[in-house]
2 protein chains.
Amino acid sequence: MVRKAKEPNEGARKSTIREVAERAGVSTATVSRILAGNYPDAPATRDRVMRAVRELDYVANVHARSLAGTPTKSVAIIVNSVISPHYAHVAQGVQAQAAAEGRLCLIGTTGGDAERELAMVQLMREQHIEAVILVGNVLADEEYRARMSRYAHSLAGAGSRLVLCGRPPLGPDVPAVVVQCDYTGGAFAATSHLLSAGHERILCLGRRPGFTTADARLAGYRDALRAHGVPHDKELELEGTFEREQGYRMMRQRLKSGRRPDFTAVFAFNDLLAAGARQALLEHGLRVPGDVSLVGFDDLPPAQDIDLTTVHLPHEELGRTAVRLALEPETQAGPPQQVLLDTHLVKRGSVRQIG
Amino acid sequence: MVRKAKEPNEGARKSTIREVAERAGVSTATVSRILAGNYPDAPATRDRVMRAVRELDYVANVHARSLAGTPTKSVAIIVNSVISPHYAHVAQGVQAQAAAEGRLCLIGTTGGDAERELAMVQLMREQHIEAVILVGNVLADEEYRARMSRYAHSLAGAGSRLVLCGRPPLGPDVPAVVVQCDYTGGAFAATSHLLSAGHERILCLGRRPGFTTADARLAGYRDALRAHGVPHDKELELEGTFEREQGYRMMRQRLKSGRRPDFTAVFAFNDLLAAGARQALLEHGLRVPGDVSLVGFDDLPPAQDIDLTTVHLPHEELGRTAVRLALEPETQAGPPQQVLLDTHLVKRGSVRQIG
DNA sequence: AGCGATCGTTAAAACGTTTTAACATTTCGA
DNA sequence: TCGAAATGTTAAAACGTTTTAACGATCGCT
C-alpha cells in the first residue's frame, strides 16, 4: 500500500499544539500565547505561527485547555422538554445569547422528573461549566428549596453558577440567581381584560398549589377580581398541570354535566391549556368567543393559529437574561440577584364584549 | 475569623480523585479502577472507596478523564433554530436517545446561515465529541457536498463522527452517516389523497431547487400526478422556503389576482407553510376545506389545532436513529451507512371530496 | 518448606494545554 | 563601551484523570 506523499494539510489528522510549534519553529508556550492573543509577540513569529495553524487546521483541545486552568466557555440549560414551546423559546434565547458571548450550549431534559433533573445536574457538574440554567419547576415548596440549595452548593464546588428561570427565589445564603417574568401582573391584566368586557364568571385553568408559576397567576387572577369587586369562587379554579391534554380534560369534565355552563369566560394559565380547552368547547358545540371568551398565557405558536388573546411573555429574553446574568462578573460577588421581566396583553379575537 | 470545624462533607469544595484516595487510604489508580468498575478489587477496599466518594460528593472531572484517553460521552446537534417545531422534535429525539445511552447533548443553532454552521462545527471539533448531528439543509448541491466533505474529514480528525439528518447522502469516500425520511413517498401519498378526492388542480407550496428536502417532495407530487394521468403544471409549483410567513405570502400573492382561484387544493411542503396559506385563504374569504382543500407535511403542533390532514414524519425517531447510528460500533467501519424512515398520511378535516 | 500462580495494589507516565519564572537577546541612555 | 531595562522566547511544572508495567502478598500445590 502506497502512502500519499506527505499529505501536509490533509486536515484529517489530529494535530496538537506541539506540531504547530515544531512547524513554526517555536515553543508550545509561544503558540499558546499567540493564540490567546494576550502578549505582544513579534509580528514575524506571529505570522509563522498563524500560518502553521492554518496549514494544520489546528484547533485547541478544550479538555486540555480546561485542565490547564482556562475556564470552559460553555453554559448548560436544563428543561422539561425541548418540544414544549415555552421551553423551546427560552432555550432559543439561551442558545442565542450563549453564542453571542462565545459560549457553547449544553442541553438536558428532565421530562418533569426530579430524579432525572438531579442526574442532569450531576452530569453538568462533571463538565466544570460556567453556568447551569434551570428552567421550569419540578418540585414544590420545601422540597424545592432543599434541592436547589444542594444543587447550588455542589455546582459551586465545580466552579459553576446556578441560574433559576421562572422559579421562586431562594434564601440569601444560596448562591443562585433568579430570573422570572411578572406572572402576577400578567394574570392581573388578562383577568382585568375579561372583567372590562363584562365577564364576571371567569373559569381559570391550571391551579397548582406550591408551584410559583401557577400560584403567581392565581394571585393575579384573584387580585383582579377583588379590584373589580367580584368575589372569587373556588369552584371556578380548576386544578391541573400545564399540558394541552389537561386543558382538554378539565374543560370536558366541566362541560359534561350537560347543563348550560356556569361561566362566560376562561382564563387558561398557558396557551396549551387554552388550546385544549378550546377544542373541548368546540366539540361541545360552544363557539369561541361567541359563547365563551378565552384568554391564554404565553403568546406562543398555537396562540396565533387559534386567534387567541393572551399574555405575552418575553420567553427568549428570559433565556438571554439568564445567560447574561450568569456571565456578568458583578453578579459573581454581592448578594444573589433577582430579575423580573415585564409582560403585556396581546389582544386577538377570542374575547367578546358582553353585558 | 473562625473556620468551621473540618466541614467534612460540606459538598461545596472541589474534591479530586487524590482526596478520595487519601481518605480511603489507597492510591488514585485504585479509585479510578473501582469507579470504572472494570477490575475485581477486594470488597473491603471497594467499600472504603465508595464511602469516601459519597462523603466527599466526588464527581470525576470530564476534562481530565477525556485527556487521559477515555472518550467524552457526548454528542452534539446542530439545527437551524430550536423554536421551529421540526427541529425541536428532532432535537428531542436526539436528546432522549443520548440520555438513554448515557450521553450528554450539546446543541448549537445556525439560523440557517452557512457561516454560523461552520463556526459551530469548529466549536464542536474542539470538544472532541463522539458525534456531530447536522439537521436541516443550509446549502444546495455542489456547495453542500464540498462543505460536508470538509466537515466530515476535519471532524474525523478530532475523533468525531458526522451524521446528516434529512440531507442528501454524500459520496462513499466521505465518512458520514445519513438518515432521512421518505419524503418522496410521503408527498406521493399526500398528493394521491387529494387526487382520489377528485382534485386535479393542486397548488404546491415550497419548491426549492437544489435542496433535497424540497426536491424530494416535489418529485413525489409529480409522480402522483403522473400516476393518475394528470399532467403537471409548473404554474402550480410555488417557490419559497419553509417558514409560516412564506406560506402566507405565497398564497396571498396567488389570490391577489382577484379572479376565482385556479386550483381546488393545496399541498404545502410543511405544516407551517400550510398554516400560513390557510390564514391567507381565510382572510380572502375562502373556507378550508369548503372552498379549498389543504394538505400539509410534518404532522407537527399547528396541524392538530387547525385540523390539518398531513403527512406524519417520525421526527423524534429521526433524532433517535441519528444517535443510535452514530454510536453503533458496526457503523464505525464499513461503508457509510444510509437509513430511510417511513412516513404515513394522517387524515383530519382539511380535505373535501369533490367532483 | 519452597515454588509458581494468582490476586490486589501502586508508582509513574501520559494526555494537550496554560502559565510562571527564568533565560537570551536587543535596545537604550549614559 | 558598559550595564540596565525592555523585549521575545522557552523549559518545566501544573491541571486531574487513566493505564501500563511492576510490585508485594497470599495462596495452593508438590
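Computed over heavy atoms, backbone and side chain alike; hydrogens, waters and symmetry mates excluded. A note on names: the letters A, B, ... follow the listed sequences, proteins ahead of strands, and every chain is numbered from 1.
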Trainee: If you only use heavy atoms from C-beta on, which nucleotide in C:dT9, D:dT10, C:dT17 is closest to the side chain of A:A64?
Mentor: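 So the nucleotide nearest the side chain must be C:dT17.
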Trainee: Between B:H63 and A:Q127, is there a donor-acceptor pair closer than 3.5 Å when you use the side chain of the first and the backbone of the second?
Mentor: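 The answer is yes, because a donor-acceptor pair under 3.5 Å joins these two groups.
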Trainee: Taking atom types as modelled and ignoring hydrogens, do the side chains of A:Q97 and A:E101 form a donor-acceptor contact shorter than 3.5 angstrom?
Mentor: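 A pair is found: one side chain offers a donor N or O, the other an acceptor, under 3.5 Å apart.
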Trainee: Output the rounded distance in Å from CZ (A:R18) to P (D:dT10).
Mentor: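 Distance check: A:R18 CZ to D:dT10 P gives 13 Å.
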Trainee: Closer than 4.0 angstrom, basic N to acidic O: yes or no for A:R48 and A:E22?
Mentor: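 No, no charged N to carboxylate O under 4.0 Å.
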Trainee: Under 4.0 Å, counting only non-hydrogen atoms across every strand here, what does B:S66 touch: a base, just sugar-phosphate, or nothing?
Mentor: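 Result for B:S66 = nothing.
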Trainee: Within the 4.0 Å heavy-atom criterion, would you say B:A29 contacts the bases, only the backbone, or no part of the nucleic acid?
Mentor: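 Since a base atom lies under 4.0 Å of B:A29, the category is base.
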Trainee: Please state how far atom CZ in A:R125 lies from atom C1' in D:dT17, giving the value in whole angstrom units.
Mentor: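 These atoms are roughly 16 Å apart.
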Trainee: Hey, does B:V26 reach any base, or is it just sugar-phosphate, or nothing, if we go heavy atoms under 4.0 Å?
Mentor: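 If one applies the 4.0 Å heavy-atom cut-off, B:V26 turns out to touch the sugar-phosphate alone, with no base involved.
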Trainee: Which of the following nucleotides, C:dG16, D:dT17, D:dT19, is nearest to the side chain of A:A68?
Mentor: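 Among the listed nucleotides, the one closest to the side chain of A:A68 is C:dG16.
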Trainee: Using whole Å, report how far CD of A:E22 lies from P of D:dT10.
Mentor: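 The answer, rounded to whole Å, is 12 Å.
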Trainee: Rounded to the nearest Å, what distance is computed from the CD1 atom of residue A:I17 to the P atom of nucleotide D:dT10?
Mentor: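 Between P of D:dT10 and CD1 of A:I17: 12 Å.
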Trainee: Taking only N and O in the side chain of A:T30, is any of them less than 4.0 Å away from OP1 or OP2 of D:dT10?
Mentor: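 It does, given that an N or O in the side chain of A:T30 lies less than 4.0 Å from OP1 or OP2 of D:dT10.
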Trainee: Drop me the distance from B:H89's NE2 to B:E316's CD, to the nearest 0.5 angstrom.
Mentor: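 Between atom NE2 of B:H89 and atom CD of B:E316 there are 7.0 Å.
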Trainee: Salt bridge or not between A:R147 and A:E115? Use side-chain N to carboxylate O under 4.0 Å.
Mentor: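 A:E115 and A:R147: salt-bridged.
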Trainee: On the side chain of A:R33, is there an atom forming a donor-acceptor pair with the base of D:dT10 - under 3.5 Å, no angle test?
Mentor: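 For A:R33, whose side chain was compared with the base of D:dT10, there is a donor-acceptor pair (under 3.5 Å).
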Trainee: Side chain of B:S32 only, heavy atoms from C-beta on: which candidate in D:dG16, D:dT19, C:dG8 is closest?
Mentor: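 Selected nucleotide: D:dT19.
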Trainee: As a test of reading the structure: which of C:dG8, D:dT17, C:dT18 is closest to the side chain of A:T28, going by heavy atoms?
Mentor: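 For the A:T28 side chain, the nearest candidate turns out to be C:dT18.
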Trainee: Would you indicate what B:T16 reaches in the nucleic acid, counting non-hydrogen atoms under 4.0 angstrom: base, sugar-phosphate, or nothing?
Mentor: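 Result for B:T16 = sugar-phosphate.
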Trainee: Measure the distance from CZ on B:R46 to P on C:dT9 and round it to the nearest whole Å.
Mentor: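 Atom CZ in B:R46 sits about 12 Å away from atom P in C:dT9.
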Trainee: D:dA12, C:dT10, D:dT18: which one has an atom nearest the side-chain heavy atoms of B:S27?
Mentor: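 Given the options D:dA12, C:dT10, D:dT18, the side chain of B:S27 is closest to C:dT10.
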Trainee: Using heavy atoms to find the nearest nucleotide of DNA chain D for A:G25 and B:H63 separately, return the residue whose nucleotide is more 5′.
Mentor: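 Result: A:G25.
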Trainee: Among the candidates D:dG16, D:dT18, C:dG8, find the nucleotide nearest to the side-chain atoms of B:N61.
Mentor: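 Of the candidates, D:dG16 comes closest.
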Trainee: D:dC15 P sits how many Å from A:Q127 CD, rounded?
Mentor: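 Answer to the nearest Å: 21 Å.
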Trainee: Take atom CZ of A:R65 and atom P of C:dC15, then tell me their distance rounded to the nearest Å.
Mentor: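 Interatomic distance, CZ of A:R65 to P of C:dC15: 19 Å.
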Trainee: Give the rounded distance in Å between these two atoms: CD1 of A:I34 and P of D:dT10.
Mentor: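 In whole Å, D:dT10 P lies 9 Å from A:I34 CD1.
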Trainee: Here's a test for you: under side-chain contact (heavy atoms from CB on, under 4.5 Å), which of B:L318, B:T321, B:V94, B:L134 qualifies with B:C165?
Mentor: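 The passing option is B:L318.
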